[in-house]
Amino acid sequence: MLHRSGARIGELLSLELAHINMQQRKFQVVGKGNKQRRCFYSEDAEIALQDYIRYYRHSASRALFTAQQSHLHERNQ
């Protein structure tokens, strides 16, 4: 998402899952100067995001990016 969307690190870290439009692969951020802008991400970033949400994201949090232990063993079974 960082590389493909053009969003800044702080903007991505402040995103909530509900802020992501998965169908249109876009999200809105509040950037420098309190200006809102839309960011889009590619199909390959969409696949990576879906994997992250399914296997790594802490589901109890509203935040998109969370810290949690990997569940790779569940993914590979």
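We count residues from 1, following the sequence as given. All of these numbers come straight from a predicted model, not from anything done at the bench. Values below: all heavy atoms of this structure, side chains included; hydrogens, waters and symmetry mates excluded.
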Exercise. Could I get the full list of ring-ring contact (aromatic ring centres under 6.0 Å, His included) partners for Phe40, not counting sequence neighbours?
Key: none
Quiz item: Do Ile9 and Leu15 share a hydrophobic cluster (ILVMFWY, side-chain heavy atoms under 4.5 Å, transitive)?
Solution: yes
Quiz prompt | Nearest heavy-atom neighbours spanning Ala7 and Cys39 | solution = CB-SG, 3.9 Å
Under 3.5 Å donor-acceptor pairs involving side-chain atoms of residues 17-29, not counting sequence neighbours:
unit_1 : atom_1 : unit_2 : atom_2 : d
His19  : ND1    : Glu16  : N      : 3.3
Asn21  : OD1    : Gln23  : N      : 3.2
Asn21  : OD1    : Gln24  : N      : 2.9
Gln24  : OE1    : Lys26  : NZ     : 2.9
Arg25  : NE     : Tyr41  : O      : 3.1
Gln28  : NE2    : Gln36  : OE1    : 2.5

Quiz prompt | Qualifying residues under salt bridge (charged side-chain N to carboxylate O under 4.0 Å, His left out), relative to Arg54, sequence neighbours excluded | solution = none
Self-check item: Same apolar cluster: Leu49 and Leu2, side chain cutoff 4.5 Å
Solution: yes
Exercise. Check step by step if side chain to side chain contact (heavy atoms under 4.5 Å, CB included) holds for Met1 and Tyr52.
Key: CA-CA 11 Å; Met1 295 279 293; Tyr52 167 76; over 6 Å; no
Quiz item: Of all residues at least two apart in sequence or in a different chain, which pass the salt bridge (charged side-chain N to carboxylate O under 4.0 Å, His left out) check with Arg8?
Solution: Glu11
Quiz prompt | side chain to side chain contact (heavy atoms under 4.5 Å, CB included) partners for Asp44, two or more places apart | solution = Arg4, Ser42
Quiz item: Which distance, rounded to the nearest 0.5 Å, do you find between the NE2 of His58 and the CG of Leu64?
Solution: 14.0 Å
Quiz prompt | With Ala63 via side chain to side chain contact (heavy atoms under 4.5 Å, CB included) - residues at least two apart | solution = Ser61, Thr66
Exercise. Treating Ile, Leu, Val, Met, Phe, Trp and Tyr as nodes and any side-chain heavy-atom pair under 4.5 angstrom as an edge, say whether Leu13 and Val30 lie in one connected cluster.
Key: no
